[in-house]
Amino acid sequence: QVQLVESGGGLVQPGGSLRLSCAASGSIASVALMGWYRQAPGKQRELVATSTDRNNTNYADSVKGRFTISRDNVKATVTLQMNSLKPEDTAVYYCKAIVQPTYSDPLRNYWGQGTQVTVSS
């Protein structure tokens, strides 16, 4: 079993910064991708940023230039540095990992429990 534990959400004023962290633990042979998604009230979950095991990154257009994803492949952690936050960034942020639990398993999707980010004055 693989667990993802997130931390770092909270309330911040517009223009402020927050840093989200996610750590994967459990039975992990390899991690193909780690990243962040978000879901605002009444909206579908959407991609924010992802990083592959070859450090290829992908960002939503709405966060390019403001958010930075970084990953530690050895520790199986991923962080999201969020700068210049806007009210429209308010959402529950979910960590996602695509993991091969053992070398005989296929890749599987895992999700964290989510952390609330609120951008408001």
Handout entry: Pairs involving residues 42-56, ordered by first then second residue, that meet salt bridge (Lys or Arg N to Asp or Glu O under 4.0 Å) (sequence neighbours left out)
Key = R38-E46
Exercise for the section: Return the minimal non-hydrogen interatomic distance between A49 and L80, and the atom names on each side. Expected result: CB-CD1, 4.1 Å
Exercise for the section: Take S121 and Q13, measure what side chain to side chain donor-acceptor pair (under 3.5 Å) needs, and give me the verdict at the end. Expected result: CA-CA 5 Å; S121 55; Q13 292 185 343; over 6 Å; no
Exercise for the section: Provide the closest heavy-atom pair for K96 versus N109 in the form atom of the first, atom of the second, distance. Expected result: CE-OD1, 3.6 Å
Exercise for the section: Taking side-chain hydrogen bond (donor to acceptor under 3.5 Å, both in side chains) as the test, write out the residues that go with T102, two or more places apart. Expected result: S104, D105
Handout entry: Residues that S21 engages under side-chain contact (heavy atoms from CB on, under 4.5 Å), provided they are two or more places apart
Key = S7, T79
Exercise for the section: Over all heavy atoms of both residues, which pair between S120 and P14 is shortest? Give the atoms and the distance, please. Expected result: C-CD, 3.6 Å
Practice task
Measure the spacing between SG of C95 and OH of Y110 and express it to the nearest 0.5 Å.
Solution key: 13.5 Å
Exercise for the section: Determine, step by step, whether V92 and Q116 satisfy the side-chain contact (heavy atoms from CB on, under 4.5 Å) criterion, reporting the C-alpha distance in whole Å, the side-chain angles of both residues, the deciding distance to 0.1 Å, and the verdict. Expected result: CA-CA 4 Å; V92 178; Q116 178 70 44; 3.2 Å; yes
Exercise for the section: Measure the OH-OH distance between Y37 and Y94 for me, rounded to the nearest 0.5 Å. Expected result: 14.0 Å
Problem - For K75, all residues meeting salt bridge (Lys or Arg N to Asp or Glu O under 4.0 Å), sequence neighbours excluded - result: none
Exercise for the section: May I ask you to check whether T77 and D72 show a side-chain donor-acceptor distance below 3.5 Å? Expected result: no
Exercise for the section: Would you confirm whether E6, through its side chain, and G114, through its main-chain N or O, come within 3.5 Å as a donor-acceptor pair? Expected result: yes
Practice task
May I ask you to list the residues sharing a hydrophobic cluster with I98, side-chain cutoff 4.5 Å, ordered by chain and number?
Solution key: L33, L107
Completion exercise
OH of Y93 to CE of M82, rounded to nearest 0.5 Å, is 5.5 Å
Problem - For A24 against L4, the heavy-atom pair lying closest together - result: CB-CD2, 3.4 Å
Exercise for the section: Output yes when a side-chain donor or acceptor of R71 lies under 3.5 Å from a complementary backbone atom of S51, and no otherwise. Expected result: yes
Fill in the blank from the handout: In this structure, CG of L47 is separated from OG of S62 (nearest 0.5 Å) by 9.0 Å
Problem - Side chains of N73 and M34 in contact at under 4.5 Å (non-hydrogen atoms) - result: no
Practice task
Search all heavy atoms of P101 against all heavy atoms of S27 and return the closest pair with its distance.
Solution key: O-OG, 3.0 Å
Problem - Partner residues of N58 under the side-chain hydrogen bond (donor to acceptor under 3.5 Å, both in side chains) criterion, sequence neighbours left out - result: none
Completion exercise
Between the OG1 atom in T50 and the OH atom in Y59, the distance rounded to the nearest 0.5 Å is 9.0 Å
Completion exercise
When rounded to the nearest 0.5 Å, the distance separating OG1 of T68 from CZ of R19 is 9.5 Å
Exercise for the section: Search all heavy atoms of N83 against all heavy atoms of S17 and return the closest pair with its distance. Expected result: OD1-OG, 2.9 Å
Practice task
Check whether the ring centres of F67 and W36 lie less than 6.0 Å apart, and answer yes or no.
Solution key: no
Handout entry: Student check: side-chain heavy atoms of L20 and T115 closer than 4.5 Å
Key = yes
Practice task
Scan side-chain atoms only and decide if E88 and T90 contain a donor-acceptor pair under the 3.5 Å cut-off.
Solution key: no
Handout entry: K86/D89 salt bridge by N-O under 4.0 Å criterion
Key = no
